[in-house]
Number of protein chains: 2
Amino acid sequence: MPKVGMEPVRRKALVDAALRVIGDQGTLAVTMSDIARRAGVSPALAHHYFGSKEQLLIETVRSLLRQLRDDTVTALNAATAPREKLSALIRVSFQASQFAPDTIAAWLAFYSEAQRSEDVRRFLVVYARRLRSNLVANLKVLCPVDDAERIAEGAAAMIDGLYIRQSLRSAPIGIEASIALTEDYVTSHLDQLYRQGRPA
Amino acid sequence: MPKVGMEPVRRKALVDAALRVIGDQGTLAVTMSDIARRAGVSPALAHHYFGSKEQLLIETVRSLLRQLRDDTVTALNAATAPREKLSALIRVSFQASQFAPDTIAAWLAFYSEAQRSEDVRRFLVVYARRLRSNLVANLKVLCPVDDAERIAEGAAAMIDGLYIRQSLRSAPIGIEASIALTEDYVTSHLDQLYRQGRPA
DNA sequence: TATTTTTGATTGACTCATCAATCAATAAAA
DNA sequence: TTTTATTGATTGATGAGTCAATCAAAAATA
């Protein structure tokens, strides 16, 4: 069986498996065995490549974040005008892959873990900052900087809030409705500023 | 030592201790020993009164929710006009006791747990529904019902989002700023409807 | 009142299961 | 033969849950 060059293959398989298992069970309290089984290898191999569970978990958040960043970059490049870019940012946050119950459960688990692990926390802070700065960058073309910062803060909060509420699956607001709500927030605040600038 | 009638005293002490320990460590993965120690009793006693860790945890969410509900009722009673009641709802969500890092960490841990425990999930759904229905009840006095529902959804999401963002302690938006952001959301959307109803 | 019985409160010690981590051994390339 | 991939077996730690025993207040009885 043993072929050479398996390391990157196994690493990826294990990280993906970790994400799926964590999403399934909605917690980081999954066993290395669970993860390894899902990846089709022995638990010992997972330790061999990652050294510890902690490390595998860290690689897993990193992977989750990388995915989101790549999607964001793509979406941002596809848009041209600032207002379009704002819509792109909103859409990416709620795109199917991000909004799937499993993914949401995984995010939630990592947020909780961030209370303990400085490493995990750092990654999530990066996410939060990136979203905020992307929003601000495009908003400030359309309005004064301090308003841009305020609106960005609100929009980011709303996105995260819709996300967390989704995790309860109580009154499932759909993807479309979530996007509409956030778009509406941005639009109405920009309109408001526009009116204030040029009172009828 | 043994006096009669200790049961309610110990139950409360244990639930309070659980909340503190969970808040401290930011996870439900705390041991019964930790909790019992904090409550000043033996682990065995915790099992004696609650039967299982799961059960103690459930009582703990319940307690967290009861506290929030009581605060909400009080705040709601102190306000009279619908718009004031909306402000009261917002203020309660961000009041110091709710916004303390420990409390936020505990909420987050329970949200994550809700992915596994149907009981915990039920309690959190109750919270979400209650907030939503309180908001709608007061909003619909000020605008059409369907708009009220939309705004309530957005406000609730924003509250939860500000909450979760607070947990990262990256760009610490303060209590006041959080309240202002949410107030602003409600106000500007109500204004917008008002303007649409009576175009200049 | 004094004595015995009952009952609630409480714990130390123990069991049992789980799990992360290690390691020595094996098998297949190179 | 050396290196890389892989695993089964094992270990050590941890933690939930159990249980029999203890202690003291309360209640019943003498």
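Lettering of chains follows the sequences in order, A, B, ..., and the numbering in each one begins at 1.
- Checked by atom type and distance alone, the side chain of B:Ser63 never pairs as donor or acceptor with a backbone atom of B:Glu59 at under 3.5 Å.
- Taking a 4.0 Å limit (strictly below) on heavy-atom distances, residues 109-121 of chain A does not reach DNA chain D anywhere.
- Of the candidates C:dC19, D:dA5, C:dT11, C:dT11 carries the atom nearest the B:Val41 side chain, counting heavy atoms from C-beta on.
- Rounded to whole Å, the distance from CD1 on A:Ile35 to P on C:dC19 is 12 Å.
- Counting only distance, with no hydrogens or angles, the side chain of A:Arg116 and the backbone of A:Ser112 share a donor-acceptor pair below 3.5 Å.
- Of the candidate nucleotides D:dA16, D:dA5, C:dT10, D:dA16 has the atom nearest to the side chain of B:Thr31.
- There is a side-chain donor-acceptor pair under 3.5 Å between A:Arg83 and A:Ser87.
- A ring-centre distance under 6.0 Å is not found for B:Trp107 and B:Phe99.
- Heavy atoms of A:Val9 sit nowhere under 4.0 angstrom from any nucleic acid atom.
- Both B:Leu45 and A:Ala29 lie near DNA chain C, and the one whose nearest nucleotide falls closer to the 5' end is B:Leu45.
- In this structure, a donor-acceptor pair under 3.5 Å is present between the side chains of A:His189 and B:Ser188.
- Salt-bridge annotation for A:Lys12 and A:Asp16: present, with a side-chain N of the basic residue lying under 4.0 Å from a carboxylate O of the acidic one.
- Between B:Asp24 and B:Arg20 there is no salt bridge, since none of the side-chain N atoms of the basic residue sits less than 4.0 Å from a carboxylate O of the acidic one.
- With B:Phe50 as the aromatic partner, B:Arg11 meets the cation-pi criteria of under 6.0 angstrom to the ring centre and within 45 degrees of the ring axis.
- The stretch residues 10-28 of chain B has no heavy atom under 4.0 Å from DNA chain D, so no residue of it qualifies as close.
- Across the protein-nucleic acid pair, A:Phe50 atom CZ and D:dA5 atom C1' stand 15 Å apart, rounded to whole Å.
- The shortest distance between side-chain heavy atoms of A:Leu64 and A:Thr103 falls below 4.5 Å.
- Remark: B:Asp184 engages A:Arg150 in a salt bridge, criterion side-chain N to carboxylate O under 4.0 Å.
- One can place CD of B:Glu7 at 17 Å from P of C:dT7, the figure rounded to the nearest angstrom.
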Polar atom pairs (N or O), protein with nucleotides 17-19 of chain D, under 3.5 Å:
residue : atom : partner : partner atom : Å
D:dG17  : OP2  : B:His47 : NE2          : 3.1
D:dG17  : OP2  : B:Lys53 : N            : 2.8

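- One N or O on the side chain of A:Thr182 and one on the backbone of A:Ser178 form a donor-acceptor pair closer than 3.5 Å.
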